[in-house]
J.: 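One structure is given below, represented as structure tokens, and several questions about it will come after.
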Amino acid sequence: MSIADTVVMAVFAACGGCVMALAGLIGLHQTRRIERTGVKAWALVKHNPQARCDDPSSPRPLLQFSTEAGQVVEIGSPVPATRRRPLHHGDTLLITYDPADPGTIVVHNRERRLLDHGFITAGALVLLLAVVLIGFTVL
């Protein structure tokens with residue numbers, strides 16, 4: 001493998017690392033923005049008619065809530081159900097929605113901040129490794 005091939009691969013890795021870190025940063029920014037400027041509401045968990053009990057990859061349950069303007073919104077849950085924190089039909093969840101786009105919500109105590117931080121960390125590590133690889137290759 002030539003030096004040029006190694007540098008090209010490292011540059012592609014650096015681009016991938018930047019995209020990963022940017023995805024995490026955008027996710028964190030959107031969550032914080034909605035929590036800061038959004039409106040709180042209670043959402044009802046409803047069974048998704050497309051879901052099948054025996055299929056773990058089936059669609060997430062639906063969340064139904066009313067906006068301050070009286071509009072009833074029903075969207076797929078942005079967070080998955082887990083064994084520790086299942087989402088059963090009839091449960092209620094505290095959410096914050098974006099008044100400009102009620103389909104954009106944050107479910108309280110179920111935010112995916114750890115995932116966003118993971119993307120930022122992984123992206124930064126890939127970027128750092130690419131820069132080190134370029135540095136050692138060029139020297």
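Only heavy atoms go into these numbers, but all of them, side chains included; no hydrogens, no water, no symmetry mates. Position 1 is the first residue of the sequence, and the numbers go up from there.
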J.: Give, for atom CG of D91 and atom NE2 of H88, the distance between the pair rounded to the nearest 0.5 Å.
T.: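 Interatomic distance, D91 CG to H88 NE2, rounded to 0.5 Å: 6.0 Å.
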J.: Working to the nearest 0.5 angstrom, can you tell me the gap between Q30 CD and R33 CZ?
T.: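 Between Q30 CD and R33 CZ, I get 5.5 Å after rounding to 0.5 Å.
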J.: Please confirm whether the backbone N or O of P80 pairs with a side-chain atom of S77, one donor and one acceptor, at under 3.5 Å?
T.: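 Pair absent, no side-chain N/O of S77 close to backbone of P80.
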J.: Has the side chain of R85 got a donor or acceptor atom that lies under 3.5 Å from a matching backbone atom of N109?
T.: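 Looks like yes, one N/O pair under 3.5 Å.
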J.: If you look at every heavy atom in L133 and A10, which pair is closest and at what distance?
T.: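 Minimum heavy-atom separation between L133 and A10: CD2-CB, 3.9 Å.
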J.: Hydrophobic clusters join Ile, Leu, Val, Met, Phe, Trp and Tyr when side-chain heavy atoms are under 4.5 Å apart, directly or via other members; which others share one with V7?
T.: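 Its cluster partners, ordered by chain and number, are I3, V11, I134, V138.
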J.: Drop me the distance from T31's OG1 to R112's CZ, to the nearest 0.5 angstrom.
T.: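 Answer rounded to 0.5 Å: 10.5 Å.
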J.: Which heavy atom of A13 sits nearest a heavy atom of A130, and at what distance?
T.: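 Looks like CB-CB, 4.2 Å.
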J.: Does D101 use its side chain to pair, donor to acceptor, with the backbone of D98 at less than 3.5 Å?
T.: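 Flag not set: sc D101 to bb D98 has no pair under 3.5 Å.
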J.: So if I apply the side chain to side chain donor-acceptor pair (under 3.5 Å) rule between T96 and each of R36, E35, H108, which one comes out positive?
T.: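 With T96 as partner, R36, E35, H108 yield a single side chain to side chain donor-acceptor pair (under 3.5 Å), made by H108.
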J.: Evaluate the criterion side chain to side chain contact (heavy atoms under 4.5 Å, CB included) for residue pair R32 and H29; output intermediate values, then yes/no.
T.: CA-CA 5 Å; R32 289 179 182 148; H29 174 73; 5.9 Å; no
J.: Is the backbone of Q71 close enough, under 3.5 Å, to the side chain of T67 for a donor and an acceptor to pair up by distance?
T.: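 At least one qualifying donor-acceptor pair exists.
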J.: Please find the pair of heavy atoms, one from G38 and one from P99, that lie closest to each other, and give the distance.
T.: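 Minimum heavy-atom separation between G38 and P99: CA-CD, 4.0 Å.
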J.: Quick one: name the residues clustered hydrophobically with I95, using the 4.5 Å side-chain heavy-atom rule over I, L, V, M, F, W, Y, and just say none if it's on its own.
T.: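 Reading the cluster by chain and number, I95 sits alongside V39, V45, L63, F65, V73, I75, V79, L87, L93, Y97, I105, V107.
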J.: Could you tell me which non-hydrogen atom of A124 sits nearest to which non-hydrogen atom of A21, and how far apart they are?
T.: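 Residues A124 and A21, closest heavy atoms: N-CB, 4.4 Å.
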J.: Begin with the C-alpha distance, continue with both residues' side-chain angles, and end with the deciding distance and a verdict on side chain to side chain contact (heavy atoms under 4.5 Å, CB included) for M9 and T6.
T.: CA-CA 5 Å; M9 287 186 349; T6 304; 5.6 Å; no
J.: Just wondering, do L28 and I120 contact through their side chains at under 4.5 Å, heavy atoms?
T.: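 I120 reaches L28 side chain to side chain.
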J.: Looking at R60 and P78, would you say the former's side chain and the latter's main chain have a donor-acceptor pair under 3.5 Å?
T.: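 Here the side-chain-to-backbone pair exists.
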J.: What distance do H117 atom NE2 and L25 atom CG have between them, rounded to the nearest 0.5 Å?
T.: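 So the gap between those two atoms works out to 9.5 Å.
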J.: Go through the steps to decide whether H47 and L62 satisfy the test side chain to side chain contact (heavy atoms under 4.5 Å, CB included), and finish with yes or no.
T.: CA-CA 6 Å; H47 176 72; L62 301 174; over 6 Å; no
